[in-house]
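Comments concern the structure below.
Residue numbers start at 1 and run along the sequence shown.
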Amino acid sequence: MGGKEFVYLVHETRITDRPHTAGPAPRSTLAPAPPAVIPPALEIWAPDPPTWGQRMIPKGVRSAMADLGLWQEPRPLKPSVHLVQVIEVLTRYGWCQAFDFSPTGRMCIRGAQTFLESTGHVTTIDRGKAVNYLQSQLARQGVNMRFWEWNDLSHNNFRGVEAMISAASDLARKNGD
């Protein structure tokens with residue numbers, strides 16, 4: 001990774017991925033640890049990744065199995081609900097910076113969207129609409145950069161990211177999406 005050694009730091013039950021530097025990790029960069037037990041309501045919103053067996057079944061076969069009632073495909077969600085689901089995925093699996101998917105399984109905003117799209121919980125079109133709402137919300141805050149670049153700013157923390165995604169979801173809901 002660019003010649004940098006990565007160290008997994010544990011500090012008060014919190015883990016973060018960051019380039020190795022001298023001294024302890026600043027408190028603002030530490031992501032909250034995932035809960036030991038996932039609440040039942042959260043399991044619906046933050047799906048488990050597909051098993052290897054599920055990944056091996058071609059989409060055409062899955063569709064035929066769904067037609068026969070042997071398989072249930074996830075129902076794609078509209079952008080406002082997708083953005084709420086992104087927050088839930090980041091809460092369940094953990095939020096990170098500088099990676100779509102970190103070595104420890106954490107995700108950034110774009111990684112959570114990719115995960116949800118790959119598991120069928122959002123269509124490419126609705127994901128694009130959600131991205132537009134994220135960009136619009138950043139523009140309202142006076143930020144002129146792409147959302148994944150903003151996610152990686154050193155002063156950001158999970159609570160700020162969560163608030164921005166929530167505001168983008170509210171904007172989408174107000175627009176009927």
Item checked: Nearest heavy-atom neighbours spanning Glu117 and Arg127 -> OE1-NH1, 2.7 Å
Margin query: For His82 versus Ala130, what's the shortest heavy-atom pair and its separation?
Written below: CD2-CB, 3.6 Å
Check: Between Arg146 and Leu138, what is the shortest heavy-atom contact and its length?
Finding: C-CD1, 4.4 Å
Next item on the list: With the side chain counted from C-beta on, respond yes when Asp126 and Leu77 share a heavy-atom pair under 4.5 Å apart, and no when they do not.
Entry: no
Notebook entry, point to check: Looking only at atom types and distance, does a side-chain atom of Asn175 sit under 3.5 Å from a main-chain N or O of Leu171, one as donor and one as acceptor?
Noted result: yes
Check: Say you draw a straight line from CE of Met107 to CG of Asp100; how long is it, rounded to the nearest 0.5 Å?
Finding: 10.0 Å
Notebook entry, point to check: What's the shortest heavy-atom distance between Val131 and Gln113, and which atoms?
Noted result: CG2-OE1, 3.7 Å
Next item on the list: For this output row, return yes or no: ring centroids of Phe101 and Phe115 closer than 6.0 angstrom.
Entry: no
Margin query: What's the separation between atom CH2 in Trp95 and atom CG in Asn157, rounded to the nearest 0.5 Å?
Written below: 6.5 Å
Check: Just by distance, do the side chain of Gln97 and the backbone of Leu153 share a donor-acceptor pair under 3.5 Å?
Finding: yes
Margin query: Tell me if a side-chain donor or acceptor on Asn144 pairs with a main-chain N or O of Ala139 at a distance below 3.5 Å.
Written below: no
Margin query: I'd like to know if the side chain of Ser118 and the backbone of Thr114 have a donor-acceptor N/O pair within less than 3.5 Å.
Written below: yes
Checklist line | Name of the residue among Arg140, Gln141, Arg159 meeting side chain to side chain contact (heavy atoms under 4.5 Å, CB included) with Met164 | finding: Gln141
Notebook entry, point to check: What distance do Lys129 atom NZ and Ser136 atom OG have between them, rounded to the nearest 0.5 Å?
Noted result: 13.5 Å
Notebook entry, point to check: Distance from Phe99 atom CZ to Asn151 atom CG, nearest 0.5 Å?
Noted result: 12.5 Å
Check: At what distance, to the nearest 0.5 angstrom, does CD of Gln137 lie from OG of Ser166?
Finding: 9.0 Å
Checklist line | Closest heavy-atom pair and its distance - Ser80, Asp177 | finding: OG-O, 2.6 Å
Next item on the list: To the nearest 0.5 angstrom, please state how far the CZ atom of Phe158 sits from the CD1 atom of Ile87.
Entry: 7.0 Å
Notebook entry, point to check: Does some side-chain heavy atom of Phe147 sit less than 4.5 Å from a side-chain heavy atom of Ile165?
Noted result: no
